[in-house]
Amino acid sequence: MATKNETNSLKFALVEFWKNIVGYGRSSRAEFWWAMLFYYYLPMIVLTIIGEIVFAISHNDAVMGIFALLQALICLATIVPIFCVSVRRLHDAGHSAWNLLWLLLPVFGWIVLLVFWVEPSEPGKNKYGEALVK
């Protein structure tokens with residue numbers, strides 16, 4: 001078990017994400033948000049910016065197609081790990097993985113999930129495993 005300061009660190013969050021990539025259990029808020037940032041949002045933003053710059057210079061539609069393909073490949077490569085860390089984050093807050101079905105409801109469902117993902121961890125043991133913090 002780690003201390004509260006350790007679980008908030010970037011290094012701890014990313015190591016835990018890869019250690020338990022498709023596992024069962026719980027994920028801290030830090031692990032969830034760092035994983036989302038580094039393995040999903042950051043690559044998408046960087047590819048979009050680079051794609052726009054390259055397109056502005058070359059004015060070639062094929063270039064945009066290549067960057068769109070790269071973004072699709074990132075989505076495919078990260079869908080299972082991001083799904084799993086989302087489930088573990090819901091478990092850490094004491095919610096069932098079935099709550100991911102809220103994603104099917106545009107806007108309102110996303111807000112509900114966002115609220116669940118930012119909730120603090122349940123202290124101690126819950127039905128999904130031991131707490132990550134002492």
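These numbers come from the heavy atoms of this one structure, side chains and all, not from hydrogens, waters or symmetry mates.
- With sequence neighbours excluded, the residues forming a ring pair (Phe, Tyr, Trp, His ring centres under 6.0 Å) with H91 are Y24, Y128, listed by chain and number.
- P43 and I74 make their closest contact through CB-CD1, 3.6 Å (heavy atoms, listed as atom of the first residue, atom of the second, distance).
- What you find for A77 and P81 is that their closest heavy atoms are O-CD, 3.8 Å.
- Minimum heavy-atom separation, R29 to E119: CD-O, 3.5 Å.
- Using bins of under 30°, 30° to 60° and over 60° for the plane-to-plane angle, the ring pair W102/F108 lands in the perpendicular bin.
- Shown here is L114, whose CG atom has more than 12 heavy atoms of other residues, nucleotides or ligands within 6.0 Å.
- In this structure, the side chain to side chain donor-acceptor pair (under 3.5 Å) partners of R89, at least two apart in sequence or on a different chain, are D92.
- Here the CH2-OG distance, from W117 to S27, works out to 12.0 Å after rounding to the nearest 0.5 Å.
- Interatomic distance, I79 CD1 to C84 SG, rounded to the nearest 0.5 Å: 10.5 Å.
- Atom-to-atom distance recorded for T78:OG1 and L73:CG is 10.5 Å, nearest 0.5 angstrom.
- The cluster map of Ile, Leu, Val, Met, Phe, Trp and Tyr, joined by side-chain heavy atoms under 4.5 Å apart, puts Y39 and L76 in different clusters.
- Linking Ile, Leu, Val, Met, Phe, Trp and Tyr whenever their side-chain heavy atoms come within less than 4.5 Å puts L70 and V46 in one cluster.
- Here the NE2 atom belonging to H95 is positioned 7.5 Å from the CD atom belonging to E122, to the nearest 0.5 angstrom.
- Atom OH of Y40 is surrounded by 12 or fewer heavy atoms from other residues, nucleotides or ligands within 6.0 Å.
- For the pair R88 (side chain) and G25 (backbone), a donor-acceptor distance under 3.5 Å is absent.
- Hydrophobic cluster membership differs between W98 and L113, with clusters built from Ile, Leu, Val, Met, Phe, Trp and Tyr side chains linked at under 4.5 angstrom.
- Atom CD1 in I45 sits 7.5 Å away from atom CG in L37 (nearest 0.5 Å).
- Considering every non-hydrogen atom in both G124 and A131, the closest pair reads O-CB, 3.2 Å.
- In this structure, CE in M36 is found 12.5 Å from CG in L42, a value given to the nearest 0.5 Å.
- Applying the side-chain hydrogen bond (donor to acceptor under 3.5 Å, both in side chains) test to every pair with at least one member in residues 62-74, sequence neighbours left out, gives these pairs: T48-Q71.
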Side chain to side chain contact (heavy atoms under 4.5 Å, CB included) between S86 and L90, intermediate numbers included:
CA-CA 6 Å; S86 298; L90 287 170; 5.7 Å; no
